[in-house]
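For reference, the structure is listed below as structure tokens.
It should be emphasised that the depicted structure is a prediction, and the values quoted were computed from it without experimental measurement. Atoms within each ligand, like the ligands themselves, are counted from 1 in listed order.
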Amino acid sequence: MPVAGRRYGAVVIGLGAMGAATLYQLAQRGIAAIGIDRFDPPHDQGSSHGETRITRLGVGEGPAFAPFAIRSHEIWRQLEAKTSETLMVNCGCVVIGQEQDAGDPNKPRFFGRSREVAETYGIEHAILDRAALAGRFPQFTGLDDRDEAYYEPGAGFVYPEACIRVQLQEARRAGATVLPNTVVLDVTQGTPWVRIETTAGMIEADFAIVTAGAWTAKLLGAPFDRLLRPTRQVLHWFEADEPSLYEPEKCPTYIRHFAHGGGHVYGFPTPHGATGVKIADERRTAWTDPDARKSGVTGGEIAAFHSAFVEGRFAGVSPRLTAVKTCLYTEAPGVNFLIDWHPAMSRVMVVSACSGHGFKHSAGIGDAIAGMIGDPKEQQYDLRPFALAGFG
Ligand SMILES: Cc1cc2nc3c(=O)[nH]c(=O)nc-3n(C[C@H](O)[C@H](O)[C@H](O)COP(=O)(O)OP(=O)(O)OC[C@H]3O[C@@H](n4cnc5c(N)ncnc54)[C@H](O)[C@@H]3O)c2cc1C
């Protein structure tokens, strides 16, 4: 048990996607590490729950992210081999839309950039024209005449709860301490260590890594409170009239942009042993307080989503809901990640890697952070695109 009084090499605050990965990597490097979470992870109160997350290596958000995703795939495969757990399913991913379209202003030229990043990093991919897309994946109906798709066969989805559980388990096995149901109240830096005030007492460490997701701004205040915005997202699972169409062997994960500025949705095949077809959109303006978020979803909200984005667009996905959940994005400007030392505390690293697309990068980000704490000279990742200075 922890450990007021004991001095750690590193304390990880928040054990969701980023924190679990960081704790695991710190423990692998032999650093005496403790991870703290206000809940008992994996849990469904933050950003890392809901059965599945898309993973793809031709990262349309930009080339700076790709090394994290590539490394994450390696780490998940290693963890699968070590533990016999299934963490990732490579059912492929399609980005549907039009390559020349400007697309979502938050993620400009997403289709074209996916292709460019795939070419830069030598990721296997193909461009499917409308006929090839419709022939190969009959799940997608109501296609626009100009629709085409970026197809990455090695992409797919990961199981977020299992990734967190397994990394925490392996972190413990390598000597790390996990402290659930404990809230970090304050972080201060003395010389030369960091003091973490928690509901279980004071903890001291050489370094702190804040991976508190939607709570980061509340915990740290300025300047993070003007940069990071939690938003409420809704995940829907609809009953399929023909469930076999949505088996992972037949259906890829997808991000589907609708023509004429019709917005976009993303979704998944139904994992074996699960029920319902999971489809969601992105709601980037509904800022919320993580301690006061509305977890209920109204019937009107669900019906409006189905008629706008599902009906006539996905074969045999009925309006009958099997499940609905809310989840939190933590948005940084430009849907970027923020990964940097705290401007006033040189031993406190802040990792806010969400903006709605962080999970696929999380194992690699944990590797980058632990590398930096273990031996900054060994840093193999370029973290400059995620520096605080870049946000102005
Ligand atoms: C609906 C939805 C769909 C998504 N889809 C995808 C996708 O398909 N592909 C993809 O790559 N990414 C996706 N993402 C993004 C991805 O899930 C996030 O980037 C990632 O989960 C963020 O992890 P995190 O560790 O930053 O936050 P979290 O997982 O929320 O972890 C933060 C942790 O900090 C703890 N904490 C907070 N404050 C304190 C405190 N004071 N003391 C102690 N503990 C504290 C919390 O309890 C929590 O466990 C999606 C996100 C959502 C919400």
Requested in this report: State if G356 counts as touching ligand 1 under the rule of any non-hydrogen atom under 4.0 Å.
Outcome: yes
Quiz item: Does Y266 come within less than 4.0 angstrom of ligand 1, counting non-hydrogen atoms of the residue?
Solution: yes
Atom 34 (O) of ligand 1: closest protein heavy atom, distance to 0.1 Å, is G14 CA, 3.1 Å
re atom 48 (C) of ligand 1, the protein heavy-atom contact at minimum distance is D37 OD2, 3.4 Å
The residue among H73, K360, H361 that forms side chain to side chain donor-acceptor pair (under 3.5 Å) with T55 is H73
ask   = Has ligand 1 got any nitrogen or oxygen that is less than 3.5 angstrom from a nitrogen or oxygen of M18?
value = yes
Side chains of Q98 and R146: donor-acceptor distance under 3.5 Å anywhere?
yes
Short side-chain donor-acceptor distance under 3.5 Å, Y381 and D367: yes
Check: Does R256 count as lying over the ring of F314, i.e. NZ or CZ under 6.0 Å from the six-ring centre, within 45 degrees of the axis?
Finding: yes
Query raised in the report: Do E161 and H49 have side-chain atoms, one donor and one acceptor, less than 3.5 Å apart?
Result: no
W287 side chain to E331 side chain, donor-acceptor N/O pair below 3.5 angstrom: no
Side chains of R136 and Y151: any donor to acceptor distance under 3.5 Å?
yes
In this structure, atom 44 (N) of ligand 1 is nearest to the protein heavy atom R38 N, 3.0 Å
> Under 3.5 Å, is there a donor-acceptor pair linking the side chains of T52 and K278?
Replying inline: yes
The closest protein heavy-atom partner of atom 18 (C) of ligand 1 is C354 SG, 3.5 Å
Fill in: Distance-only N or O hit between ligand 1 and W215, under 3.5 Å
no
Exercise. Are any of the N or O atoms of L235 closer than 3.5 Å to those of ligand 1?
Worked result: no
* Asked: Quick check: does A17 get an N/O under 3.5 Å from an N/O on ligand 1?
  -> yes
Any nitrogen or oxygen of I54 lying under 3.5 Å from a nitrogen or oxygen in ligand 1? Just yes or no.
yes
If you scan protein heavy atoms around atom 29 (O) of ligand 1, the nearest is S48 OG, 2.4 Å
On the 0 to 90° scale, with breaks at 30° and 60°, tag the F140-Y254 ring pair as parallel, tilted or perpendicular.
-> perpendicular
Review point. Would you say H43 contacts ligand 1, with heavy atoms under 4.0 Å as the rule?
Key: yes
Closest to atom 22 (C) of ligand 1 among protein heavy atoms sits S47 CB, 3.9 Å
T55 touching ligand 1 at heavy-atom level, < 4.0 angstrom: no
Nearest heavy atom to atom 52 (C) of ligand 1, choosing from F337, F359, Y329, belongs to Y329
min-distance protein heavy atom vs atom 31 (O) of ligand 1 -> G16 CA, 3.4 Å
Logged contact type for R53 with ligand 1, heavy-atom cut-off 4.0 Å, is both
the protein heavy atom lying closest to atom 53 (C) of ligand 1 turns out to be C327 SG, 2.7 Å
>> As a quick check of understanding, evaluate side-chain hydrogen bond (donor to acceptor under 3.5 Å, both in side chains) for Q189 and S346, giving each step before the final call.
In response: CA-CA 8 Å; Q189 185 171 319; S346 58; 3.1 Å; yes
In ligand 1, the atoms that come under 4.0 Å of a heavy atom of G213 are 26 (O), 27 (O), 32 (C)
Distance-only donor-acceptor check, side chains H272 and E249, under 3.5 Å = yes
>> Is a donor from one side chain sitting under 3.5 angstrom from an acceptor on the other, for E74 and S72?
In response: no
Contact region, T52 to ligand 1, non-hydrogen atoms below 4.0 Å, reads neither
Among K360, K278, Q45, the residue with a heavy atom nearest to atom 10 (C) of ligand 1 is K360
Can you check whether M88 reaches F157 side chain to side chain, under 4.5 Å on heavy atoms? no
key: A353 heavy atom under 4.0 Å from ligand 1   = yes
Residues P105 and P108: closest non-hydrogen pair is O-CD, 3.5 Å
>> I'd like to check whether V184 has a polar contact with ligand 1, where a contact means an N/O of the residue lying under 3.5 Å from an N/O of the ligand.
In response: yes
Under 4.0 Å from one or more heavy atoms of G358, ligand 1 contributes atoms 11 (O), 12 (N), 15 (C), 16 (C), 19 (O)
